[in-house]
Amino acid sequence: MIKYSLRCAEGHDFESWFASASAYDALAASGRLTCAVCGGGGVEKALMTPRVRPARAKAPAPATKPDAKADNLSTPASAMEAELAEFRAKVEANTEDVGRKFAEEARAIHEGRAPDRAIRGEAKIGEAKALVEDGVPVLPLPFRPTRQVN
């Protein structure tokens with residue numbers, strides 16, 4: 001099997017697998033290749049990035065600090081990720097997690113039946129729409145809860 005990056009005459013980029021290079025050539029010659037996005041013709045190979053594997057014998061470098069995490073996924077990859085992590089920490093430090101009772105608690109605060117405070121939690125899409133329609137100020141957060149949801 002071989003995977004090619006392809007582009008149609010309309011400029012759509014997509015990938016597809018073929019049994020072999022000759023199988024691709026046969027389909028291309030017969031005009032039976034169509035775009036996965038628009039269904040149009042004129043499909044040709046696009047420039048592909050080679051997939052290079054690092055040497056297998058090379059072990060990962062040890063962490064330089066005793067408290068450094070070996071998992072590179074735990075450290076922000078960009079300034080935007082670092083800002084998002086900082087935002088998340090501020091939200092979690094300054095709000096109360098009410099979990100799945102968010103819609104009920106947000107409505108109670110809005111109507112004055114519960115003490116006014118900053119909360120966060122989860123709501124079904126229908127519950128969130130109803131809160132917005134009723135003028136309850138809510139905002140979706142750009143991250144998932146840290147706790148496990150059952």
Side-chain angles (χ1 to χ4, degrees), residues 1-19 23-24 27-28 31-54 56 59-150:
M1 295 291 289
I2 188 167
K3 180 172 76 170
Y4 285 126
S5 292
L6 305 171
R7 176 174 286 143
C8 78
E10 297 296 319
H12 299 121
D13 292 317
F14 60 100
E15 295 177 340
S16 188
W17 287 92
F18 298 91
Y24 166 83
L27 287 170
R32 296 188 307 185
L33 291 178
T34 59
C35 176
V37 178
C38 67
V43 175
E44 296 179 351
K45 290 181 194 175
L47 185 61
M48 295 175 46
T49 305
R51 188 179 279 193
V52 179
R53 293 185 184 179
R56 292 183 182 172
T64 56
K65 299 178 186 175
D67 61 339
K69 295 181 181 179
D71 179 11
N72 288 339
L73 294 178
S74 64
T75 57
S78 66
M80 182 65 76
E81 281 187 20
E83 289 179 23
L84 184 59
E86 182 181 335
F87 174 69
R88 177 187 199 124
K90 285 181 182 178
V91 167
E92 290 178 349
N94 295 299
T95 59
E96 178 186 339
D97 187 359
V98 295
R100 293 186 177 178
K101 293 183 180 180
F102 178 81
E104 178 184 329
E105 196 64 24
R107 188 173 299 284
I109 291 169
H110 182 71
E111 295 173 353
R113 296 181 286 115
D116 190 17
R117 65 200 190 282
I119 62 171
R120 70 180 188 283
E122 301 165 54
K124 294 180 181 174
I125 190 72
E127 294 171 331
K129 284 182 180 180
L131 289 172
V132 170
E133 288 170 358
D134 294 342
V136 180
V138 296
L139 178 71
L141 294 174
F143 49 81
R144 294 180 179 256
T146 53
R147 61 184 162 65
Q148 291 292 339
V149 179
N150 297 328

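Along the sequence shown, residues are numbered consecutively beginning with 1. Quick caveat: nothing in here was measured; it's all calculated off a predicted structure.
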message: How long is the straight-line distance from CD of E122 back to NZ of K124, given to the nearest 0.5 Å?
response: 11.0 Å

- prompt: Would the number of heavy atoms belonging to other residues, nucleotides or ligands and lying under 6.0 Å from CD of E10 be above 12?
  reply: no

message: Angle between ring planes, F18 versus Y24, binned at 30° and 60°: parallel, tilted or perpendicular?
response: perpendicular

statement: Scanning both residues in full, the closest heavy-atom pair of P142 with L84 reads CG-CD1, 3.7 Å

Residues in salt bridge (charged side-chain N to carboxylate O under 4.0 Å, His left out) contact with E44, at least two apart in sequence or another chain: none

- prompt: About how many Å separate CD1 of I109 and CD of E104, when rounded to the nearest 0.5 Å?
  reply: 11.0 Å

- request: For residues F102 and G121, report the shortest heavy-atom separation together with the two atoms involved.
  value: CD1-N, 3.6 Å

query: Any chance CZ of R32 has more than 12 other-residue heavy atoms, nucleotides or ligands included, within less than 6.0 Å?
result: no

message: Can you confirm whether M1 is buried at CE, in the sense that more than 12 heavy atoms of other residues, nucleotides or ligands lie under 6.0 Å from that atom?
response: yes

query: At what distance, to the nearest 0.5 angstrom, does CD1 of I2 lie from OG of S16?
result: 11.5 Å

field: For the student: nearest non-hydrogen atoms of L33 and V43, plus distance
entry: O-CG2, 3.8 Å

task: Could you walk me through whether E105 and R117 pass side chain to side chain contact (heavy atoms under 4.5 Å, CB included), step by step?
output: CA-CA 10 Å; E105 196 64 24; R117 65 200 190 282; 2.6 Å; yes

Show me the donor-acceptor pairs, under 3.5 Å and distance only, between side chains in residues 128-136 and residues at least two apart or in other chains.
unit_1: D134; atom_1: OD2; unit_2: R107; atom_2: NH1; d: 2.8
unit_1: D134; atom_1: OD2; unit_2: R107; atom_2: NH2; d: 3.2

- request: Would you please name every residue forming a side-chain hydrogen bond (donor to acceptor under 3.5 Å, both in side chains) with E83, sequence neighbours left out?
  value: none

- line: Heavy atoms of A106 and I119 approach each other most closely as N-CD1, 3.7 Å

field: Atom NZ of K101 with >12 non-hydrogen neighbours under 6.0 angstrom
entry: no

